[in-house]
Amino acid sequence: MNASYKWSPSIEHLVEEAAAAINLNGINYAVMMITPDNIEDFAIGFLFSEAIIQHDHDVHDIQVSQSEHGFSIDITIANRCLYALSSKKRRLIGATGCGICGVEAITHALPELTTLPLTRPIELLDVDALKLQIEEHQLKAQQSGAIHAALALNAQGNIIGCREDIGRHNALDKLIGMLVRQPSSLSECNALLMTSRCSSELIHKAVLLGVNNLISLASPSQLAVKLALKYNLNIIHIPKYSAPIYYSNFQAKVNLSSLPVSPFGAINA
């Protein structure tokens with residue numbers, strides 16, 4: 001037997017993952033694989049990102065019950081929100097790595113959003129100090145690793161909130177839920193920061209929330225940058241060993257008409 005193998009029968013140090021069945025007014029809407037904490041934040045943020053609710057008071061009740069392989073989140077929403085639900089035509093089984101799987105039409109995956117006001121990107125004066133702040137707030141990552149974090153920053157670049165999950169879009173939904181439930185924190189939030197790759201569904205969530213800056217520790221996809229420029233969202237990529245890279249319309253006359261008509265670019269079959 002190879003002596004380099006490490007046997008570890010204990011699994012308590014590994015990140016948790018469970019199936020969460022989301023039921024809205026008795027209707028099964030989605031099943032998501034999530035890290036089972038901050039459940040109410042996740043529920044509010046998920047429904048906000050789905051454009052089913054606009055405020056936390058659109059949710060009248062949240063009940064969580066456990067089962068053998070996961071748990072159910074039974075949510076009662078306002079009757080007027082049921083119209084948004086019926087128009088979605090969506091039944092979602094969500095893997096941890098994708099936030100738009102199961103959508104019946106591409107137009108539902110990439111809906112038109114309200115363009116943000118053109119603003120100067122947040123200035124990151126001390127990236128090393130920011131990275132230390134991120135480490136301090138990632139409590140679950142300190143214990144298990146293999147987990148993403150979404151963080152909210154104020155205009156001074158200080159972290160005012162953090163949520164973690166095995167799925168990056170779930171982590172952002174949890175953070176959005178926290179901010180929607182705390183209006184004072186939302187008004188103070190100047191930027192969202194993701195420890196993961198910056199992908200298109202994260203752009204959608206940031207624009208919908210109305211935050212002007214999205215920072216990521218991994219490079220964005222082409223589609224993410226195109227969508228961000230379309231909606232005046234500033235993207236800041238912080239590479240591991242070099243200075244931040246800014247993708248922004250501010251003081252940079254980006255000719256959107258020069259980009260491919262399709263946000264997907266060229267397709268190689």
Side-chain angles (χ1 to χ4, degrees), residues 1-23 28-47 49 62-75 92-102 130-153 159-179 181 192-202 205 214-221 237-241:
M1 183 176 290
N2 192 326
S4 66
Y5 287 163
K6 181 179 179 181
W7 293 90
S8 179
S10 173
I11 63 172
E12 286 77 10
H13 63 288
L14 301 177
V15 63
E16 291 184 88
E17 180 182 18
I22 302 170
N23 306 309
N28 178 255
Y29 181 71
V31 177
M32 302 295 292
M33 302 302 298
I34 73 170
T35 302
D37 56 32
N38 300 116
I39 301 301
E40 292 198 2
D41 284 344
F42 170 72
I44 297 293
F46 178 80
L47 295 183
S49 296
I62 300 175
Q63 295 291 332
V64 180
S65 57
Q66 286 190 298
S67 62
E68 182 180 359
H69 300 293
F71 55 96
S72 294
I73 309 174
D74 294 293
I75 308 170
L92 175 66
I93 298 177
T96 55
C98 173
I100 59 174
C101 47
L130 178 58
K131 289 180 178 180
L132 287 175
Q133 279 194 72
I134 295 170
E135 290 180 9
E136 292 171 357
H137 281 79
Q138 285 191 268
L139 301 180
K140 284 189 172 293
Q142 294 171 18
Q143 299 170 357
S144 62
I147 194 165
H148 301 294
L151 306 102
L153 279 64
I159 295 172
I160 59 174
C162 176
R163 289 292 183 266
E164 296 174 275
D165 196 274
I166 195 168
R168 64 184 182 276
H169 54 92
N170 294 337
L172 185 51
D173 279 342
K174 288 180 178 180
L175 182 70
I176 289 173
M178 184 206 80
L179 293 171
R181 298 174 73 192
L192 301 172
L193 187 151
M194 302 298 301
T195 58
S196 62
R197 175 177 63 88
C198 181
S199 52
S200 58
E201 74 271 18
L202 303 186
K205 294 175 189 292
L214 179 59
I215 306 166
S216 69
L217 301 189
S219 61
S221 68
H237 169 217
I238 302 179
K240 193 168 184 179
Y241 298 113

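Computation of the quantities below employed the complete heavy-atom set of this structure, encompassing side-chain atoms and omitting hydrogens, waters and symmetry-equivalent molecules. Numbers here simply count residues along the sequence, with the first being 1.
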A.B. asks: Please set out all donor-acceptor pairs under 3.5 angstrom arising from side-chain atoms of residues 214-221, sequence neighbours excluded.
C.D. replies:
residue, atom, partner, partner atom, Å
Ser216, OG, Ala218, O, 2.6
Ser221, OG, Ala224, N, 3.1

A.B. asks: Please identify each residue that fulfils side-chain contact (heavy atoms from CB on, under 4.5 Å) with Leu139, with sequence neighbours left out.
C.D. replies: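 Listed in chain order: Gln142, Glu164.
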A.B. asks: The criterion is salt bridge (charged side-chain N to carboxylate O under 4.0 Å, His left out); which residues satisfy it with Asp37, sequence neighbours excluded?
C.D. replies: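 Only Lys140, Lys174 meet the salt bridge (charged side-chain N to carboxylate O under 4.0 Å, His left out) criterion with Asp37.
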A.B. asks: Quick check against the 3.5 Å criterion: does Asp165 have a side-chain atom that pairs as donor or acceptor with the backbone of Thr35?
C.D. replies: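 Present.
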A.B. asks: Within the 4.5 Å heavy-atom criterion, are Ile73 and Phe46 side-chain neighbours or not?
C.D. replies: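 A side-chain contact under 4.5 Å is absent here.
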A.B. asks: Quick one: list whatever passes side-chain hydrogen bond (donor to acceptor under 3.5 Å, both in side chains) with Gln66, sequence neighbours left out.
C.D. replies: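 Partners of Gln66 under the side-chain hydrogen bond (donor to acceptor under 3.5 Å, both in side chains) test: none.
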A.B. asks: Provide the closest heavy-atom pair for Phe71 versus Ala18 in the form atom of the first, atom of the second, distance.
C.D. replies: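 Taking every non-hydrogen atom into account, CE2-CB, 4.0 Å.
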A.B. asks: Out of Leu151, Ile238, Ile147, which one pairs with Thr195 under the side chain to side chain contact (heavy atoms under 4.5 Å, CB included) rule?
C.D. replies: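 Passing option: Leu151.
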A.B. asks: Please list, chain by chain and in numerical order, all residues satisfying side-chain contact (heavy atoms from CB on, under 4.5 Å) with Ala150, sequence neighbours excluded.
C.D. replies: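 side-chain contact (heavy atoms from CB on, under 4.5 Å) list for Ala150, sorted by chain: Ala171, Leu172, Leu175, Met194.
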A.B. asks: Could you list the residues that satisfy side-chain hydrogen bond (donor to acceptor under 3.5 Å, both in side chains) with Asp74, not counting sequence neighbours?
C.D. replies: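 side-chain hydrogen bond (donor to acceptor under 3.5 Å, both in side chains) list for Asp74, sorted by chain: Asn23.
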A.B. asks: Closest heavy-atom contact between Ser49 and Asp173?
C.D. replies: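 Residues Ser49 and Asp173, closest heavy atoms: OG-OD1, 2.8 Å.
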A.B. asks: What distance separates Ile159 CD1 from His137 NE2, expressed to the nearest 0.5 Å?
C.D. replies: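 NE2 of His137 is found 5.0 Å from CD1 of Ile159.
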A.B. asks: Nearest 0.5 Å, what's the CD-CD distance between Glu40 and Gln63?
C.D. replies: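 Glu40 atom CD to Gln63 atom CD measures 9.0 Å (nearest 0.5 Å).
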A.B. asks: From Ile11 CD1 over to Glu16 CD, what is the distance, rounded to the nearest 0.5 angstrom?
C.D. replies: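 Reported value, rounded in 0.5 Å steps: 9.0 Å.
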A.B. asks: As an exercise, state the distance from CD1 of Ile176 to CG of Asp41, rounded to the nearest 0.5 Å.
C.D. replies: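 Answer for the CD1-CG pair, Ile176 versus Asp41, is 11.0 Å.
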A.B. asks: So, do Ser199 and Arg168 sit near enough that their side-chain heavy atoms are less than 4.5 Å apart?
C.D. replies: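 Contact flag for Ser199/Arg168 side chains = yes.
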A.B. asks: Kindly indicate whether the side chain of Ile44, heavy atoms from C-beta on, has any atom under 4.5 Å from the side chain of Ile62.
C.D. replies: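 Answer yes - side chains close enough.
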A.B. asks: Look up atom CD1 in Ile166 and atom CD1 in Ile34, then write down how far apart they are to the nearest 0.5 Å.
C.D. replies: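 So the CD1 of Ile166 and the CD1 of Ile34 are separated by 11.0 Å.
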A.B. asks: Which residues pass the side-chain hydrogen bond (donor to acceptor under 3.5 Å, both in side chains) test with Gln138, not counting sequence neighbours?
C.D. replies: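 Partners of Gln138 under the side-chain hydrogen bond (donor to acceptor under 3.5 Å, both in side chains) test: none.
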A.B. asks: Would you say the side-chain atoms of Asn170 pair up with the backbone N or O of Met33, donor to acceptor, closer than 3.5 Å?
C.D. replies: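 Yes, because the side chain of Asn170 sits within donor-acceptor range (under 3.5 Å) of the backbone of Met33.
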A.B. asks: What's the verdict on side-chain contact (heavy atoms from CB on, under 4.5 Å) for Leu193 and Leu130, showing C-alpha distance, side-chain angles and the deciding distance?
C.D. replies: CA-CA 10 Å; Leu193 187 151; Leu130 178 58; 3.9 Å; yes
A.B. asks: List the residues meeting side-chain hydrogen bond (donor to acceptor under 3.5 Å, both in side chains) with Asn38, not counting sequence neighbours, and say none if there are none.
C.D. replies: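 Partners of Asn38 under the side-chain hydrogen bond (donor to acceptor under 3.5 Å, both in side chains) test: none.
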A.B. asks: Using side-chain contact (heavy atoms from CB on, under 4.5 Å), reason through Leu192 and Leu179 one step at a time and then give a plain yes or no.
C.D. replies: CA-CA 11 Å; Leu192 301 172; Leu179 293 171; 4.2 Å; yes
